[in-house]
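A note on names: the letters A, B, ... follow the listed sequences, proteins ahead of strands, and every chain is numbered from 1.
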Amino acid sequence: MSLEDLLAQEVTSAAKKPQKASDSAAAIYVITQEDIRRSSAHTIPDLLRMVPGIDVADINNSYVSVSARGFTSQFAANMLVMVDGASTFSSSLSGIFWDQALVPLQDIERIEVIRGPGGSLWGSNAVSGIINIITKQSVDTQGVRASIKAGNRQQSAELSFGHQAGDNLSYRIYGNVRRNDGLVDQSGNSLGSDWLGGLAGIRADFAPTPNDTVVTQAELTRGQLHEPEEVIRANLLNPGYDLVVRDNRFATQLGLLRWSHKASDDFDLYFTHSLRTDFGARVERSMGDVSIEAHIRAIPTHDLNIGVSGRIAHDLLTGSPVLSFSQKSNTDRWVTAYIQDDISLVPDRLRLTVGTKVEDNNFTGFEIQPNARLFLRANPRLAAWASISRAVRTPLLLQRNDNYQYGVLMPGEPGNPAPLPLYQVLAGNPQSKAENVLAYELGVRGQISTHWAFDFSAFYNRYDHLMTADLTSITPIFIPNIPFPVGLSGNFTTANNMKGHGKGFEILLKGDVTNWWEAEASWSYLDATETAYPSRAIAVAALIPFDATPAHQLRLRSRFKLSNSFSMNADVHYVGAVAHGVIPAHTDLALRAEYRVTSGMDISLIGNNLLKKATAEVTYFPQNYVPRTVALQLRSRF
Amino acid sequence: MNRRHLILAIGLALLGAGEARAEAGADLSAALIYNIIRFVEFPDTSSTLRLCVRQGDQLANALRQLNGRPAGRLQVRVVTTEGMEGLHGSCDVVVIGGTPAYSFGRPAAGQMLIGDTENFVESGGTVGLIRFGRQTRFAINATAVQRSKLRVSSQVMQLAAKVIR
């Protein structure tokens, strides 16, 4: 076991208790501290690009989609994202605002990523996977640590100070600030966007007894950004779009209290207050969450894990011409409970895990998410697992309570056979149901030789009640003093009128090519389609179509240790075409050259997206492209 | 079983549990020490890495299990001594458990001094094990590393809870 493994290897996301990644009955990948240090990533979503099977797509200046096994969209809300086990899930406009995930990279101990459902332990919206960002305990970050990056389009600084105030008390004060010039057009020219944000926080760890730890944390996040957006022209006699640069901002306050007894009994309490402006609208949210979890081992062969939780979220909503809300305030409530039993069928060889989560909320009602997982340790070098699980995705507030001026199709454009402009208006539906998935998974992982290991997982997912935009009516639009219609209003309503299935695999091979070259290669494949149920609607469209996700992704990550002071990392990443080829396949190259000046200081040259001036990753209006970037980084610890 | 026997049995069980916990803690400390020295380059040109510990040290039993294991290009040889004096000789790694670093004195060139007393690295030790709750971490004295002409990998330096210079 490596030093980092010894200090922090125990993975918590797969089983809600300490467990080695190699013993998890799930498709798990752990981004380690060393991975983070060697990475050329500037943000957490960029870090996630290294994970097999994860699709990361920059949509615009503020929205990033991070998905697994389908559902690439800022509105997908299929991946449950947590920081230290506390959900950052926002059920209002988007599942998560990734540009607000400003945890300093130097403070991250590891990121656990699970592909596949995790609803039976973690609840709704862990349909496609779980991302658990685990930060370092303050005792591990004593002294001053700083990181400064200066690049052609982005700059950032991270600073933290940690101190151990006694045998059982330590704390860390931390913060960062980031800015960037946003995404670009096809030629690599700026789109007029920029982004500036930062975070400041304090965390204290207290260990009153050898079996108890108490963590308290307070954090503030602020940001402002300029976002180019195509807005439907208000003058209906001159139909089309105006390009508007929105002046958006966000702010979050977080307070957290966690008491852990032994390794796995927890009491968590946290509160967040957040403000976000988007599409000209404003959402102010207050959310409180409390949970308690315990392990019971009354019988040696059974490890029982139980927990209950409650959450309340209150939103104050202010609309805009583009995005308006039928209710100006909304309160959602969730009560959940889970039970899971790890049954040792053959000690240290064969384990069966069965359990379920039950949830009751005020908008989709009662939800149940059971799973059964079998894990076989054939020998110390080979393990296999299989699972069957059900998970649900509950609709966002946006999909229950909004009126969204989606777009306008000019006469003759695909989708509009009429001689008038067709204005698409999407109305939320308070009766929206939860989507659900029944997932079958299996995996094999093991050591091929002393220096090489592999990890394979395959899945078949069957989806029901996928969210759709149903065209329910087309009505003429009249304006005063004009005797004929100037356009048509295509009235869409959010519904659950599709089913679908997805199948695919992820395979990873990692090891040492030579004593100075570490390599990791992976290939992920997805084949997913959706079909409409019989419906009275004029047309039914998938709200989150599967074709936004690439079928194939290939990655080759290399680290070259050239001397004690000098190392290089090279990451090549192929991403297949999406949106029926509208976004072509592309290959990215990221490089990092690092020179260790002293034992406490290093300097690096970082390049991202080096093969092209600008790369589109997903369709958007206006179309945004990810630029080529170069940066110099200085890191120091003293 | 009468009440007195029951109390005695519970007492012995608790005592045993305490010993078991201490053993588990020693095993973790030994594993940490092994994983640290694996990433250290010692100027010693021989093929053996001599790891010295006093016979009565609380980590001695756990460290003996490292005997014969590889550490980079070297092979670990655990040497146990009667007292502190025997630790000075030709040891590459000296583990002095609960003894303050100043009792040993400044480690020689090519030598790493490891202990787990409070402020171990501040008082001249090279690597100090830190207890926090039920966890064990480590601190590094970068000046002592440099003075002893050792080379510690950047990964170990990054994973240290504390680095003093």
Do other residues, nucleotides or ligands put more than 12 heavy atoms under 6.0 Å from [X] [atom1]?
{"X": "A:Arg381", "atom1": "CZ", "answer": "yes"}
{"X": "A:Trp452", "atom1": "CH2", "answer": "yes"}
{"X": "B:Arg77", "atom1": "CZ", "answer": "no"}
{"X": "A:Arg297", "atom1": "CZ", "answer": "yes"}
{"X": "A:Phe566", "atom1": "CZ", "answer": "yes"}

Residue part contacting chain B, namely of A:Ser170, when any heavy atom lies under 4.5 Å: both
In terms of heavy-atom proximity below 4.5 Å to chain B, should A:Arg596 be classed as side chain, backbone, both, or neither?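 A:Arg596 touches chain B through side-chain heavy atoms alone.
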Part of [X] lying under 4.5 Å from any heavy atom of chain A:
{"X": "B:Ile140", "result": "neither"}
{"X": "B:Gln146", "result": "neither"}
{"X": "B:Val145", "result": "neither"}
{"X": "B:Arg165", "result": "side chain"}

Derivation of the side chain to side chain contact (heavy atoms under 4.5 Å, CB included) call for A:Arg635 and B:Gln158: CA-CA 11 Å; A:Arg635 286 186 293 215; B:Gln158 285 303 321; over 6 Å; no
Side-chain donor or acceptor of A:Arg37 paired with backbone N/O of B:Ser154 under 3.5 Å: no
Look up atom [atom1] in [X] and atom [atom2] in [Y], then write down how far apart they are to the nearest 0.5 Å.
{"X": "A:Asp205", "Y": "B:Gln135", "atom1": "CG", "atom2": "CD", "value": "8.5 Å"}
{"X": "A:Asn168", "Y": "B:Phe132", "atom1": "CG", "atom2": "CZ", "value": "6.5 Å"}
{"X": "A:Gln164", "Y": "B:Arg137", "atom1": "CD", "atom2": "CZ", "value": "11.0 Å"}

Can you tell which of A:Asp167, A:Thr209, A:Asn564, A:Thr141 has the highest number of heavy-atom pairs within less than 4.5 Å of chain B?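 Highest number of pairs under 4.5 Å: A:Asn564.
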Of the listed residues (A:Val139, A:Leu169, A:Asp602, A:Thr598), which shares the most heavy-atom pairs with chain B below a 4.5 Å separation?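 Among A:Val139, A:Leu169, A:Asp602, A:Thr598, the one with the most close pairs to chain B is A:Val139.
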Looking only at heavy atoms, which two atoms of B:Gly133 and A:Ala207 are closest? And how far apart?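 Heavy atoms of B:Gly133 and A:Ala207 come nearest at CA-CB, 3.6 Å.
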Which residue pairs pass the disulfide (SG to SG under 2.5 Å) test with at least one member in residues 48-163 of chain B, sequence neighbours excluded?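 Passing the test, one end in residues 48-163 of chain B: B:Cys52-B:Cys91.
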